[in-house]
Amino acid sequence: MDEIKSIIGTILQDAIQDAIEANELPITTPPDIPFSPTKTPDHGDIATPVALGLAKSAKMPPRTVAETIHKHVDLEKHSIISNLEIAGPGFINIYLSNEWLFDTIRNILKEQQEYGKSDIGLQKKIQIEFVSANPTGPLNIVSGRAAAVGDTLVNLLNAVGYDAVREFYVNDAGGQVERLGQSIDIRYRQALGEHDIEIPDGGYNGEYITDFAKEIVVEDSDTHLKLSDDERILLFKEKGIAHLLGQQKTTLERFGVNFDVWASEKTIRDSGKPDDIINIFQEKDYLYENEGATWFKMTDFGDDKDCVVIRTNGEYTYFVPDAAYHLDKHDRGFTKVIDLFGPDHQGHITRLKNFVKALGLSDDWLEVDIIQQVNLVDSDGNRQDMSKRQGQFYTLDLLIDELAEAVGERYAVDVARYFFLMRANNTHLDFNIELAVTQANENPVFYIQYAHARCCSIFQQAREQGFEIKPVEEVNLELLDAPQEHELIRKAAEFPSIIISSAEDREAHRIPHFLHDLAGIFHPYYNQHRVLDLSNKDRSTARLILVECIQTVLANGLRLLGISAPESM
RNA sequence: GCGCCUAUAGCUCAAUUGGAUAGAGCAACGGACUUCUAAUCCGUAGGUUGCAGGUUCGACUCCUGCUAGGCGUGCCA
């Protein structure tokens, strides 16, 4: 589709140039040709509002401009265009010849699993950091959304020719994991009979902490009581991190997300790089002392208040290792870094970007996108608090478990991923778990998967019934003359440009919608037209070619989403 | 108070850079299995795109001001 746009664009620009030279269009030079999608076949295969844009500078009515351009397009010369029409306020609707449709078919069959890919990324190194949940509890469903989106964005970027990697930043140092150690310690001692102690404010009081503390008691009995408080908390912190991080990894694997790099905050801190950051800021005069703490002049970068980088107790706030971490990313050679943050980190974006700027990196090197919150809603429409500190949260594992109960383990991950991916990142997603489970059989993911399974089934039948499956060069594609068949091919032809826009705009949800649209053309087609017809074997052969194309596009799209493409359902 | 996000059909959501008649699914109602799989299809219905202005050939989209909801605004991460 992109190729065809540039071909048509050139033809139209030439026509405009001819019109200018014939003194029929009072402008100096042909503009870039914009294209708008055609919503109905009545508007042709592609359309351009170029005449509307030129109307002002040419001081002519838009329809007249369109007609002037039209006059200078020689249809005899361009066999790819079957017809041009002026419509509405001055749109030029372009109807492409069948040969273009057949080229699309040949291209899909030639490319197979590669169909849809492109190379606009020039193999530039891009990193996407996502999930990066604290190792202080199980992953919740917001992390699930981030996991699905991040994983798919990497797939999309790789599909358009970037060299993209998945990275998870483990916050295994700092105050949060300190509290984790303390919380486990309290539960451990409680399990051993101390009852006059409680989890402090800001600690973790989820049941999983109690369970884990009990496990420690079972394995090690009361031996850790001999340690000093500090030693014991340190030990429990490390044990807790290992345990919970392990759990998160297991969950992510089950969810089909495999990170390329697990970066550690502790490693960053131990590397001395945070000290370098302080030195750099010091040299650039971005720091000052106040009330015993060291502050960064965030107001120099337009923020409304400065922020502490070294606390009164001498420890760095998380900004410093975070800045060091991003400098480290830069040193690893990424030309662009994308962080997917949860909504609770939104206040961090401006500051982080300012720190990156303070380090001398360009403004667009770091991109931060928010994956908006997921509200768990019950059947009465009440929202449930998912704070880890409260211990009331809905885990990703629990979600997959419940889906598995309804639709089987095989499809549970498919359904979860699809639900997370079908919405734009910046929408607040109300996830009604009861609805997702009860309506599972009418889930849109099955609609798409079923379309794929039907394609497979047709080929199964074709083989059993002895239909000849010929290579495309030997098939008369002119026999594909039903309007729905052309519609299917046109839709399939959009696939590569959908991937590009989806990747560049970081809008993964366009892929599920595209696939749903494609399946939505295929199912009616299937119901109204028999592919395998013994009384018309030539047409059957041609239709098998079309079915293979649809199957290929569906499979390629589902693969990008990390969703399975079943051969039968 | 300040900052970010959101507001589109009864519900959940789409709508490439501003483009033609704002689209799907679910829910509702009526139909279609002797058929390549009915996890499907066909039909009906559903709208002042939160409100008020502005920009222009044209606005769900951009600007200003409101309203409502969410989040952020810690020497937590």
On a heavy-atom basis, the closest approach of A:Asp306 and A:Met298 is OD1-N, 3.0 Å
Rounded to whole Å, the CD1-P distance (A:Ile370 to B:C5) equals 10 Å
Winner on side-chain proximity to A:Thr427, out of B:C13, B:C2, B:A77, is B:C13
Applying the 3.5 Å cut-off to both distances, the Watson-Crick or G-U partner of B:G25 turns out to be B:C11
Is the phosphate of B:C42, meaning OP1 or OP2, less than 4.0 Å from a side-chain N or O of A:His523?
-> no
In whole angstroms, the gap separating P of B:G25 from CD1 of A:Ile521 amounts to 12 Å
query = Contact class for A:Thr350 vs. all strands (heavy atom < 4.0 Å): base, sugar-phosphate, or nothing?
reply = nothing
### Atom P, compared across B:C13 and B:A20: separation rounded to whole Å
24 Å
Any A:Lys56 side-chain N or O less than 4.0 Å from OP1/OP2 of B:G58: no
task = Would you state whether a donor and an acceptor, one from the side chain of A:Thr317 and one from the base of B:C75, lie under 3.5 Å apart?
result = no
When rounded to whole Å, the CG to P distance for the pair A:Asp172 and B:A77 reads 13 Å
Checklist entry - Distance between the C1' atoms of B:C62 and B:U55, in whole angstroms? => result 8 Å
Quiz item: What do the steps show when you test A:Arg490 against A:Glu487 for salt bridge (Lys or Arg N to Asp or Glu O under 4.0 Å), and what is the final call?
Solution: CA-CA 5 Å; A:Arg490 275 199 297 267; A:Glu487 207 183 337; 5.7 Å; no
Quiz item: A:Gln176 side-chain donor-acceptor pair to B:C76 base, under 3.5 Å = yes
- request: Verify the distance criterion only: is there a donor paired with an acceptor across the side chains of A:Ser564 and A:Gln449 at less than 3.5 Å?
  value: yes
Checklist entry - NA contact type, A:Ala451, heavy-atom cut-off 4.0 Å: base, sugar-phosphate, or nothing? => result nothing
When rounded to whole Å, the OH to C1' distance for the pair A:Tyr418 and B:A39 reads 14 Å
Looking for any heavy atom pair under 4.0 Å, which part of the strands does A:Ala293 touch: base, sugar-phosphate only, or nothing?
base
Practice item. Could you go through the salt bridge (Lys or Arg N to Asp or Glu O under 4.0 Å) check for A:Glu129 and A:Lys329 one step at a time? Key: CA-CA 10 Å; A:Glu129 183 211 323; A:Lys329 291 185 184 191; 2.7 Å; yes
Quiz item: So, is A:Asn313 close to the B:C75 phosphate, meaning a side-chain N or O under 4.0 Å from OP1 or OP2?
Solution: no
For B:G1, the nucleotide meeting Watson-Crick or G-U wobble distances (both under 3.5 Å) is B:U73
- Please work out whether the ring planes of A:Phe296 and A:Phe355 are parallel, tilted or perpendicular, with thresholds of 30° and 60°. tilted
query = Between A:Tyr447 and B:C41, is there a side-chain N or O to OP1/OP2 distance below 4.0 Å?
reply = yes
Applying a 4.0 Å non-hydrogen cut-off, can you work out what A:Pro524 is touching in the nucleic acid: base, sugar-phosphate, or nothing?
sugar-phosphate
- Using a cut-off of 4.0 Å on non-hydrogen atoms, how would the nucleic acid contact of A:His348 be classed: base, sugar-phosphate, or nothing? nothing
**OP:** Have a look at A:Asp517 and say if it touches a base, only the backbone sugar-phosphate, or nothing, with a 4.0 Å heavy-atom cut-off.
**Re:** nothing
If the cut-off is 4.0 Å, is A:Arg63 near the phosphate of B:C57, judged by side-chain N/O to OP1 or OP2? no
From CZ of A:Phe459 across to P of B:C36 the rounded distance in Å is 17 Å
Quick check: any donor-acceptor pair below 3.5 Å linking the side-chain of A:Gln346 to the base of B:G3?
yes
>> Taking only side-chain N and O atoms of A:Arg454, does any of them lie within less than 4.0 angstrom of OP1 or OP2 on B:C41?
In response: no
(Q) Within the 4.0 Å heavy-atom criterion, would you say A:Ala462 contacts the bases, only the backbone, or no part of the nucleic acid? (A) nothing
task: Determine the interatomic distance between P on B:A24 and the same-named atom on B:A9; round to the nearest Å.
output: 16 Å
Under the 3.5 Å rule, do the base of B:A32 and the side chain of A:Asn527 count as making a donor-acceptor pair? no
note: A:His509, atom NE2; B:A15, atom P; distance rounded to Å ~ 4 Å
Paired to B:G18 by Watson-Crick or G-U wobble criteria (both distances under 3.5 Å) is none
If you measure from the Lys or Arg side-chain nitrogens to the Asp or Glu carboxylate oxygens, is any gap between A:Glu265 and A:Arg269 under 4.0 Å? yes
Of B:G19, B:C42, B:C36, the nucleotide closest to the side chain of A:Gln528 is B:C42
Side-chain contact check for A:Glu291: nearest option of B:U16, B:C5, B:C75 is B:C75
With the side chain defined as heavy atoms from C-beta on, A:Lys305 is closest, among B:A39, B:C71, B:U73, to B:U73
Testing B:A15, B:A14, B:C41 for proximity to the side chain of A:Arg510, the answer is B:A15
Gap in Å between the two C1' atoms, one belonging to B:C60 and one to B:U73, rounded:
31 Å
**Report entry** Same-atom distance (C1') from B:A7 to B:U48, integer angstrom
**Finding:** 15 Å
Nearest-nucleotide check on RNA chain B, A:Ala519 vs A:Gln465; residue mapping nearer the 5' end is A:Gln465
Between CD of A:Gln373 and P of B:U6 the distance, given in whole Å, is 12 Å
Closest of B:A20, B:C76, B:U35 to the A:Arg311 side chain is B:C76
*Could you measure between the two C1' atoms, the one in B:U17 and the one in B:U61, and give it in whole Å?*
11 Å
For this session: Report which part of the nucleic acid A:Glu315 touches: base, sugar-phosphate, or nothing (heavy-atom distance under 4.0 Å, all strands).
Result: nothing
Less than 3.5 Å apart, any donor N or O on the side chain of A:Asn171 or A:Gln176 sitting next to an acceptor on the other?
no
- Query: Within less than 4.0 Å of OP1 or OP2 of B:G72, is there a side-chain N or O belonging to A:Arg351?
  - Reply: no
Report task. With heavy atoms under 4.0 Å as the rule, sort A:Pro343 into base, sugar-phosphate or nothing. Result -> sugar-phosphate
The nucleotide from B:A77, B:G25, B:C13 with an atom nearest the side chain of A:Arg423 is B:C13
Note to self: Using atom C1' in both nucleotides, what's the gap between B:A59 and B:U49 to the nearest angstrom?
What the structure shows: 11 Å
Check your understanding: On a whole-Å scale, what distance lies between the C1' atoms belonging to B:G69 and B:A22?
Key -> 24 Å
Checking B:A20, B:C13, B:A77 against the side chain of A:Ala87 (C-beta onward), the nearest is B:A20
For B:A52, the nucleotide meeting Watson-Crick or G-U wobble distances (both under 3.5 Å) is B:U64
Out of B:C42, B:U16, B:C13, minimum distance to the side chain of A:Leu429 belongs to B:C13
Item checked: Aromatic ring pairing A:His513/A:His509, orientation class (parallel under 30°, perpendicular over 60°, tilted between) -> perpendicular
Nearest-nucleotide check on RNA chain B, A:Gly347 vs A:Phe319; residue mapping nearer the 5' end is A:Gly347
To the nearest angstrom, the NE2-C1' distance between A:His529 and B:U40 comes to 15 Å
